[in-house]
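Here is the structure we will look at, set down as structure tokens.
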Amino acid sequence: MCRSRGWRASSPGTRRSPAGRSEGPVRLVSVDPKTRNRIMAGALVLMFVVVALAAALGR
């Protein structure tokens, strides 16, 4: 494959979305700590349910 001097991976008209870049952790300053704990506990319970369901269906 021959690449010319002006070869680029993306065309000049293509813009990359900044949404794909990770700027660091998301700050949830405006969320009440009690609400945040409930959300995290719900996510943990949901993960356990998914794992248990996968184990039951995997037999």
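Predicted model, so just to flag it, every value in this text is computed and none were measured.
- Expressed to the nearest 0.5 Å, how far CG of L44 lies from CG of N37 amounts to 12.0 Å.
- Cluster partners of M40, using a side-chain heavy-atom cutoff of under 4.5 Å among ILVMFWY residues and allowing indirect links: none.
- Cluster partners of L46: none. The rule joins Ile, Leu, Val, Met, Phe, Trp and Tyr whenever side-chain heavy atoms lie under 4.5 Å apart, and it links nothing here.
- Clustering of Ile, Leu, Val, Met, Phe, Trp and Tyr by side-chain heavy atoms under 4.5 Å joins L53 with L57.
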